[in-house]
Number of protein chains: 2
Amino acid sequence: MGIIRKTKAVTTVLQIFEEKNEAKSVVHLIELVKDKMNKTTVYRILDRLEQDGVIHSFNGKDGLKWYAKCEGCSANHHSDKHPHFQCTECDKVECLSIEINIPSIKNHKVESTDILLMGQCEVCCV
Amino acid sequence: MGIIRKTKAVTTVLQIFEEKNEAKSVVHLIELVKDKMNKTTVYRILDRLEQDGVIHSFNGKDGLKWYAKCEGCSANHHSDKHPHFQCTECDKVECLSIEINIPSIKNHKVESTDILLMGQCEVCCV
DNA sequence: TTGCAATTGCAACATAGTTGCATTAATTTT
DNA sequence: AAAATTAATGCAACTATGTTGCAATTGCAA
Ligand SMILES: [Mn+2]
Ligand SMILES: [Mn+2]
Ligand SMILES: [Zn+2]
Ligand SMILES: [Zn+2]
C-alpha cells in the first residue's frame, strides 16, 4: 500500500513535483529537503508515491534513480510509460511523449522497455 | 590508453568473454575471478578493455553495470551500438542486433541511446 | 639481466540505497 | 476532547557498487 497519511513530509515532497513538471533525481530531492526530513524518509515517500501511481521512476544516464510526475496513473493502473531524454551538458531529464516502435524479437516476449535518449536539450542545443 | 601489457589477470578476464559470447555483470565477473584477482583489478581491466573497443558496457535493469564483447570495434572507433534484452526471470542479458528507429525530437539533438528491453528470454518463455 | 613503467593488491574511502527499532504524529475510536 | 491505534519518521548502522592513493610486483624492451 502507498500513502495513507498526509504528513508534512509527504506534502513537502508532493509540492516539489507539483510546482514544476520536471524530473528529479533522488539525490537532488534529498538535497532539496535535507533540512526538513531524513533521507530514509525521502526514499520511503517516493516509494509510496510510486505505488500510488502519483510518480514514476527510472534510471538516468549514470545509473542514478530519477522520479517524475505521472499522468493518468493510479495505484492499480500504471499506464504512463514513455522514453526519457537526458541532456549530456546540463543533466536535465525530460519525459518524452513520443512512441518508439519496438520490433518483435524471435522467441522472446518483450514486456517492458527502458529507453533513455541522450544528447543536448533545448537550452544547451544552441 | 587501454591494455598495454598482457598480464595473467587480463588473459583471465578476456577468456571469460571469449569462451562464451554472453554479457556479464561486473558483480558476477568479480565473483567469477575472486580467487585470482582483486575487485579493483577487475574494474580496471574492464575499463581498459572498453577503451580498446574489445568490450562495451551498459546498465542492466537494476542499474548494475554489464559488459559484453564488441564486434568490429577498435580503440578509436566504437561502432557496435545496439539495444539489450534482459530476462526478468533468469536475469540473463543479450545483445540485440536489431535496429530501433528513434524519431527526431524538436529542438533536441539526440547523440546516443540506451535501450533495454525486458521480458522473457528464449529459455524462460515456455 | 636490468631497469622502468604498467599493473596489481590492499586498505581506505565515497556514495546510493536499505533495515531495524524506538519515537512521533496522523487519524480513528471512545 | 482525550485516548488509542498504527502509519510514518529519525537515526544509526548496515550493504553494495564503485573509486583512489600508494607501495609492491611484474611484463617487457633494451
Ligand atoms: Mn517520465
Ligand atoms: Mn551489447
Ligand atoms: Zn541541457
Ligand atoms: Zn530467462
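The analysis underlying the following values was restricted to heavy atoms, covering all of them including side chains, and did not include hydrogens, waters or symmetry mates.
Enclosure of atom CD in Glu71(A) is not indicated, since only 12 or fewer non-hydrogen atoms of other residues, nucleotides or ligands lie within 6.0 angstrom. Enclosure of atom NZ in Lys109(A) is not indicated, since only 12 or fewer non-hydrogen atoms of other residues, nucleotides or ligands lie within 6.0 angstrom. More than 12 heavy atoms of other residues, nucleotides or ligands lie within 6.0 Å of CD in Glu19(B), so this atom counts as buried by the packing criterion. Other residues, nucleotides and ligands contribute more than 12 heavy atoms inside 6.0 Å of the CD atom of Glu111(A).
Regarding Trp66(B), its CH2 atom lies at a distance of 15 Å from the C1' atom of dT17(D), rounded to whole Å. With rounding to whole Å, Leu64(A) atom CG is found 12 Å from dG18(D) atom C1'. To the nearest angstrom, C1' of dA7(D) lies 4 Å from CZ of Arg5(A). Atom-to-atom, NE2 of His28(A) to P of dT15(C) comes out at 17 Å; the value is rounded to the nearest Å. For Asn38(B) and dG18(D), the CG to P distance is 15 Å, given to the nearest whole Å. As rounded to whole Å, 15 Å separates atom P of dT27(C) from atom CE of Met1(A). Between the P atom of dC11(D) and the CE atom of Met37(A) lies a distance of 13 Å, rounded to the nearest Å. Between the NZ atom of Lys36(B) and the C1' atom of dT7(C) there is a distance of 18 Å, rounded to whole Å.
Ring centroids of Tyr67(A) and His56(A) are separated by 6.0 Å or more, keeping the two rings apart.
Contacts between residues 39-50 of chain A and DNA chain C, defined by a heavy-atom separation below 4.0 Å, involve Lys39(A), Thr40(A), Tyr43(A), Arg44(A), listed by number. Looking at residues 7-16 of chain B, you'll see Thr7(B), Ala9(B), Val10(B) sit with a heavy atom under 4.0 Å from some atom of DNA chain C.
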Apply the test salt bridge (charged side-chain N to carboxylate O under 4.0 Å, His left out) to residues Glu50(B) and Arg48(B): give CA-CA distance (whole Å), side-chain angles for both, the deciding distance (0.1 Å), then the verdict. CA-CA 5 Å; Glu50(B) 184 167 34; Arg48(B) 282 178 277 143; over 6 Å; no

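Between the side chains of Asp114(B) and Ser112(B), no donor-acceptor pair of N or O atoms lies under 3.5 Å. If you check the side chains of Asp80(B) and His82(B), you find a donor sitting under 3.5 Å from an acceptor.
As judged by a 4.0 angstrom heavy-atom cut-off over every strand, Ile30(B) is placed among residues making no nucleic acid contact.
Considering only the side chain of Lys65(A), dG17(C) comes nearest among dG18(D), dG17(C), dG9(C). Closest to the Val27(A) side chain, of the nucleotides dG17(C), dT7(C), dG18(D), is dG17(C).
Relative ring orientation between Phe85(A) and His108(B) is described as perpendicular, the plane-to-plane angle rising above 60° on a 0-90° scale split at 30° and 60°.
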